[in-house]
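This report concerns only the one structure given below.
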Amino acid sequence: MKEFEKMAVLIDADNTQLQKLADILTEVSAYGRIIVKKAYGNFKKPALAKWENVIKELAIKAVQQFDYVSGKNTTDIAMVIDAMDLLHLGLYDAIVLVSSDSDFTPLAVRLKESGIFVIGVGERKTPSAFCNACDQFIYLEYLGEEGKVEKKKKKNPPRKEKEKEAKKEEEKEDPQMEELHSLLHIAYEKYQDDDDFVNVSSAGNYIKRVRPEFNPYQYGYSKLSDILRDYPERYEVRKEGKDSSVLSYKCLDRS
């Protein structure tokens, strides 16, 4: 994926975990340069009292929204207005919507229709409609988990031959993993080269287009290539390029 030159991050403070803010910015920064960072909410509420010091430290602009009427969320409206203003400026190539609220689904759809790359960030409870409206969706629960995943992998070396059949039986009861295998097979059929191999990055991009919320951490891995390597009965993985930095795979088990 290309690196975006100008990104805007809009944060719904009412539907975001404060302790994950730094991790969110760290993750999103991998996609490009963040120009705008704004957090929306009524920061005079006790529930948001701890936000002040954190957003100051992270250089996030606070957009204060008073509750004009009890029970009505003016925060969402302010965030939508700003997002549309940013869109019409024509300066930004990516906008990040940080919220678990499905009310932002129409906004994500509208931004995508205008050619803006939309990244959503929210909790696992986020409705699928909002996730699928984004080009990519990042679950908060997986941010900051890189070290934990690596430790887990060290404790669990590749499976022995005796364990493979038992693992296959387990997978039949794991729809999420079976769906991933199915998508990897579809990518293989669509993108294989003359040597019957598929670039792992191309497959990953395809999976993200179909399932914007896809993240290897869901399966206990740090990278898609680690998943492929852990299923040698299904995939052959090889290195390509002069520096062997490019990985590709071939499906062995098409069932």
Side-chain angles (χ1 to χ4, degrees), residues 1-7 26-33 92-97 108-109 111-121 126 128 130-139 142-143 145-146 149-150 153 158-159 167-168 171 174-255:
M1 182 181 294
K2 71 172 185 177
E3 184 171 295
F4 299 108
E5 296 181 358
K6 294 182 179 180
M7 302 175 63
T26 298
E27 178 71 17
V28 172
S29 294
Y31 294 87
R33 184 187 177 201
Y92 303 92
D93 45 7
I95 292 180
V96 183
L97 303 176
V109 171
L111 293 173
K112 277 183 67 175
E113 288 176 344
S114 299
I116 296 290
F117 192 91
V118 182
I119 301 174
V121 183
T126 304
S128 59
F130 183 29
C131 296
N132 292 326
C134 301
D135 290 293
Q136 183 159 347
F137 199 89
I138 301 168
Y139 284 133
Y142 301 128
L143 297 183
E145 294 295 303
E146 292 88 346
V149 172
E150 290 303 320
K153 287 184 66 59
R159 301 186 309 278
K167 185 64 177 178
K168 283 186 177 181
E171 288 171 7
D174 185 354
Q176 191 177 44
M177 180 59 81
E178 276 305 305
E179 180 186 31
L180 176 58
H181 286 312
S182 177
L183 291 173
L184 285 167
H185 280 220
I186 293 173
Y188 176 71
E189 295 296 335
K190 290 182 177 293
Y191 302 113
Q192 61 184 275
D193 58 22
D194 293 337
D195 294 329
D196 294 333
F197 277 81
V198 174
N199 183 283
V200 173
S201 294
S202 297
N205 290 336
Y206 166 73
I207 293 171
K208 284 183 179 295
R209 288 196 295 270
V210 178
R211 292 287 181 268
E213 73 277 15
F214 169 73
N215 191 314
Y217 297 143
Q218 294 172 255
Y219 308 90
Y221 298 85
S222 60
K223 296 180 291 186
L224 178 59
S225 57
D226 292 334
I227 298 177
L228 293 166
R229 287 194 179 99
D230 206 27
Y231 289 86
E233 71 278 10
R234 286 180 177 263
Y235 311 106
E236 177 185 345
V237 180
R238 73 178 185 184
K239 295 181 179 180
E240 298 178 345
K242 294 181 180 180
D243 57 358
S244 298
S245 61
V246 179
L247 294 177
S248 61
Y249 74 95
K250 179 179 182 179
C251 286
L252 303 176
D253 179 5
R254 304 195 186 189
S255 59

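In this text, all values refer to a predicted model and were calculated from it rather than measured experimentally.
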Classify the ring geometry of F130 against F137: parallel below 30°, tilted from 30° to 60°, perpendicular beyond 60°. perpendicular
Measure across K6 and D93 and return the closest heavy-atom pair with its distance rounded to 0.1 Å. O-OD1, 2.5 Å
Step-by-step ring pair (Phe, Tyr, Trp, His ring centres under 6.0 Å) determination, Y188 to Y235: CA-CA 10 Å; Y188 176 71; Y235 311 106; 8.8 Å; no
All heavy atoms of D135 vs all of P212, minimum pair found to be O-CB, 3.9 Å
Do I119 and E27 come within less than 4.5 Å of each other through their side chains, counting heavy atoms only? no
Which atom of M7 lies closest to which atom of V96, heavy atoms considered: CE-CG2, 3.9 Å
Under 3.5 Å: donor-acceptor pair, side chain of K223, backbone of P216: no
Using side chain to side chain contact (heavy atoms under 4.5 Å, CB included) as the criterion, list what pairs up with R209, not counting sequence neighbours. Y191, N205, Y206
What one should report as the nearest heavy-atom pair of A187 and V198 is O-CG2, 4.0 Å
I116 and I95 have their tightest heavy-atom pair at CG2-N, 3.7 Å
Do R238 and K250 touch side chain to side chain, with heavy atoms closer than 4.5 Å? no
Between Y221 and D230, does any side-chain donor sit less than 3.5 Å from a side-chain acceptor? yes
Under 3.5 Å, is there a donor-acceptor pair between the side chain of D195 and the main chain of F197? no
Evaluate the side-chain proximity of L180 to M177: yes if any heavy-atom separation is below 4.5 Å, no if none is. yes
Report the distance from atom CG of L247 to atom CG of D226, rounding to the nearest 0.5 Å. 9.5 Å
For the pair I138 and Y31, evaluate side-chain contact (heavy atoms from CB on, under 4.5 Å) and give the outcome as yes or no after the intermediate values. CA-CA 12 Å; I138 301 168; Y31 294 87; 4.1 Å; yes
Rounded to the nearest 0.5 Å, how far does CG of L228 lie from OH of Y249? 6.5 Å
Would you name the heavy atoms of E3 and G32 that are closest together and state the gap between them? CG-CA, 3.5 Å
Can you measure from CG (N199) to CD (Q192) and round to the nearest 0.5 angstrom? 13.5 Å
Rounded to the nearest 0.5 angstrom, the OH-OH distance for Y139 and Y217 is 16.0 Å
Got a donor-acceptor contact below 3.5 angstrom from the Q218 side chain to the N215 backbone? yes
Once you round to the nearest 0.5 Å, how far does NZ of K208 lie from SG of C134? 12.0 Å
Got a second to check how far I227's CD1 is from S222's OG, nearest 0.5 Å? 9.0 Å
